[in-house]
Amino acid sequence: MYSATKNPLSILKHTYGYDQFRGQQAEIIEHLVAGGSSFVLMPTGSGKSLCYQIPALCREGVGVIVSPLIALMQDQITALAQWGIAAGAINSGMSHSNVFQVKQKLESNQLDLLYVAPERLVMPEFLDLLDTVNIALFAIDEAHCVSQWGHDFRPDYTALSFLAERFKGIPRIALTATADRATRKDIIERLKLEKGKTFIGGFDRPNIHYSIVERNNPKKQVHDFIVNNHAGDSGIIYCISRKKVDDMADWLQKKGINALPYHAGMSAEARSANQDLFLREDNIIMVATIAFGMGIDKPDVRYVAHMNIPKSIEAYYQETGRAGRDGLPSNAFMIFGMDDAAMQRSWIENSEAAEIQKRIEHQKLNALLGLCEAAICRRQVLLEYFDDTGEPCGNCDTCDAKPETFDGTIPAQMALSAVYRTGQRFGMVYVVDVLIGKEDDRIIRFGHDQQSTFGIGKESSKPEWQNVFRQLVSRNLLRVDVNEHNGIKITDKGFAFLKKKESIHFRKITEKAKESKKKNSRRTKVALDLDEDKSLYENLKSARQKMAKTRRVPAYVIFHDKTLIELAKAKPQSLDEMLEINGIGESKLKKFGQTLLDVILAS
Ligand code: ADP
Ligand code: ZN
């Protein structure tokens, strides 16, 4: 156990091996050490865990961390053990004897941190147990789960409001990486944190390069993206359905790429085996539904690719946020098409949710579609969504090559009127055929070749019309009625657009845009900037891999790539010098220092 006299900065240095606090860490920690409660919203990878771990080490007693991520608790505990921190977990996945052991440690004051799932925390017998020990603080991780406005509501979490009453005087800290304004307010109210302090770090993840492209050949698009930018890297590919996951993983494997599937339809064993491989090996690609990723804190995921759009900007932000936690350059790459939006809409419509909930979800989806179609900096759109601001970033596809726009007023009017005249019941392909004047049997049979809209759009190509329709759908002037064979209908906003003779601008899809996309992908290649130290870096990596294998932990639990890069560049000649390197604290130095020093001295 750490003595109460230890101060936060010395714990940061000696235990974690880091030089200085980042962002608001120092303030948050100081507030908590002094007994204050708080709500913390900071992006993934910004170092939220230290905000409760260090106060728990400074204060008397055990820090209780509430987390929904039972499957990952053991990994967290093993990682903490490498820093020399004593942590335990109690959850429903454990055997009685394991629980008994942890309880004993807890009662004999041997634990710095205790991880529990919310449903366990609220059990009367567990609360009785807590009454018998000294508690340093409560940390409520993934706090957005408490709010219905958030994107991952968990009813178990709402019960946590009782902590304020039952454990008066014990500081509480709620943490999340994603919450829009309404969600924030809700979290603070539900967890009774009104009297606490709120810390909002920016949302920006400057090391992530964002790009979003229109779908034409999804598998190939993602494959090319990987081959051009990320050969040998760890990455995550998100697909919308289990079937698509299996299909894509299979296809990539046939292409000789190390891809593994992950979705809720697989057996628990198969899933956890794949997750383990992903965490432990260096170059695995996880092809997954969104069932995968919550709480995965593998720091060296170099990219997240979306084959389909997620349901909201929060979800996109959280999923892409799994890339580059170590701060090294990383990519978020997404392809999107209109059928995705239609699928998401149908899920919302056909869900059991209350009308108001559905309305919220439609709005969230609209915001995401706005991001996909944005002609301005993607990061600005993202940040604005969270009430954050920034200049055009220079690190996204629209900054790399500003998309051309065109006045789409006339094409939009033509499209809407063709939809109207064909009776608002045909799909996009059909209406586009009418616009370009295709002599199609069905069109003739329905007499649509006799209407004034037949062929009025023949100056434009099919893909150009598809682009117009997609943007009309994403701006909510048209909607796809999934309950009626994907027939296209005009929305109220669409009728108002016609009536008020409004104007509209669209993004162009041009050959030029396609070319510059290629150029960008080269630019986004992750460069580690090692030059002549590259071979030493590789040797350090394989030494790390061996130590990780012996200890049965992922390589990054030993050291992050960032630490190895620093080692390869600085080449410390003694253990003392090694302590200067970021990420090497006393416990890790003792465990791994000599092995790595030998590698450096032999080079
Ligand atoms: P979050 O929970 O906010 O996603 P983590 O707590 O997992 O982020 O931190 C991300 C990484 O940054 C971790 O490897 C952590 O050890 C490291 N880190 C945290 N604080 C600092 C710091 N002050 N200096 C250097 N590295 C840090
Ligand atoms: Zn940008």
Side-chain angles (χ1 to χ4, degrees), residues 8-9 11-13 15-29 40-54 65 67 69 72 75-76 79-80 82-83 85 113 139-143 173-178 199 201-212 293-301 317-318 320-328 330 332 371 374-384 389-403 520 523-524 554-563 566 581-585 588:
L9 190 61
I11 293 178
L12 182 77
K13 287 192 172 150
T15 303
Y16 295 91
Y18 299 140
D19 298 339
Q20 51 191 26
F21 286 114
R22 279 188 192 154
Q24 302 181 83
Q25 274 179 334
E27 271 176 86
I28 297 169
I29 290 170
V40 172
L41 173 63
M42 292 196 324
T44 306
S46 59
K48 284 189 292 302
S49 335
L50 262 55
C51 293
Y52 56 80
Q53 287 172 7
I54 291 182
I65 295 124
S67 159
L69 312 164
L72 296 163
D75 284 357
Q76 281 170 321
L80 285 162
Q82 311 308 313
W83 299 117
I85 299 169
L113 301 170
I140 298 142
D141 209 0
E142 312 289 348
I173 175 172
L175 310 103
T176 175
T178 42
F199 296 91
F203 282 82
D204 194 14
R205 300 284 316 277
N207 60 317
I208 299 182
H209 179 279
Y210 296 97
S211 72
I212 304 178
M294 209 359 180
I296 294 285
D297 52 8
K298 183 175 168 62
D300 52 0
V301 175
Y317 180 77
Q318 194 179 45
T320 55
R322 290 167 188 148
R325 290 174 84 112
D326 55 9
L328 295 174
S330 308
L371 172 70
I376 57 167
C377 170
R378 307 275 189 202
R379 196 178 309 270
Q380 281 185 314
V381 178
L382 261 179
L383 293 181
E384 258 162 38
T389 52
E391 297 294 303
C393 72
N395 194 27
C396 73
D397 57 349
T398 49
C399 280
D400 295 341
K402 191 158 174 36
N520 301 337
R523 245 195 56 148
T524 59
Y556 62 79
V557 165
I558 309 279
F559 288 120
H560 282 191
D561 291 354
K562 227 178 173 170
T563 302
E566 262 194 57
I581 303 287
N582 243 309
I584 306 190
K588 287 198 177 182

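Order of appearance sets the numbers: ligands from 1, and atoms from 1 within every ligand. All of these numbers come straight from a predicted model, not from anything done at the bench.
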To check your reading of the model: name the closest protein heavy atom to [atom], its residue, and the distance in Å.
atom                    : answer
atom 14 (O) of ligand 1 : His560 CE1, 2.8 Å
atom 15 (C) of ligand 1 : Tyr18 OH, 3.6 Å
atom 5 (P) of ligand 1  : Ser49 OG, 3.5 Å
atom 12 (O) of ligand 1 : Arg22 NH1, 3.4 Å
atom 10 (C) of ligand 1 : Gly45 O, 3.6 Å
atom 20 (N) of ligand 1 : Gln25 NE2, 2.9 Å
atom 9 (O) of ligand 1  : Gly47 CA, 3.4 Å
atom 7 (O) of ligand 1  : Arg325 NH2, 3.4 Å

Angle class for the Tyr556/His560 ring planes (parallel below 30°, perpendicular above 60°, tilted otherwise)?
perpendicular
Cys393 SG and Cys399 SG subtending at the Zn ion (ligand 2) (10° steps):
120°
Taking both backbone and side-chain atoms of Asn582, is any N or O found less than 3.5 Å from an N or O belonging to ligand 1?
no
So is Lys48 polar-close to ligand 1, meaning N/O to N/O under 3.5 Å?
yes
Main chain of Leu371, side chain of Arg378: is a donor-acceptor contact present, judged purely on distance under 3.5 Å?
yes
Thr398 side chain vs Ile376 backbone, donor-acceptor pair below 3.5 Å:
yes
Check if [X] has a non-hydrogen atom at a distance under 4.0 Å from any atom of ligand 1.
X      : result
Pro43  : yes
Asp297 : no
Met42  : no

Approximate separation, where rounding is to 0.5 Å, of Ile212 CD1 and Asp397 CG
6.5 Å
dist Ile65:CD1 -> Gln76:CD (nearest 0.5 Å) comes out at 8.0 Å
Do Leu382 and Phe203 have side chains that approach each other closer than 4.5 Å (heavy atoms only, starting at C-beta)?
no
Asp297 and Arg325, any side-chain heavy atoms less than 4.5 Å apart
yes
Below a 4.0 angstrom heavy-atom separation, can you tell me which part of Pro299, side chain or backbone, both or neither, approaches ligand 1?
neither
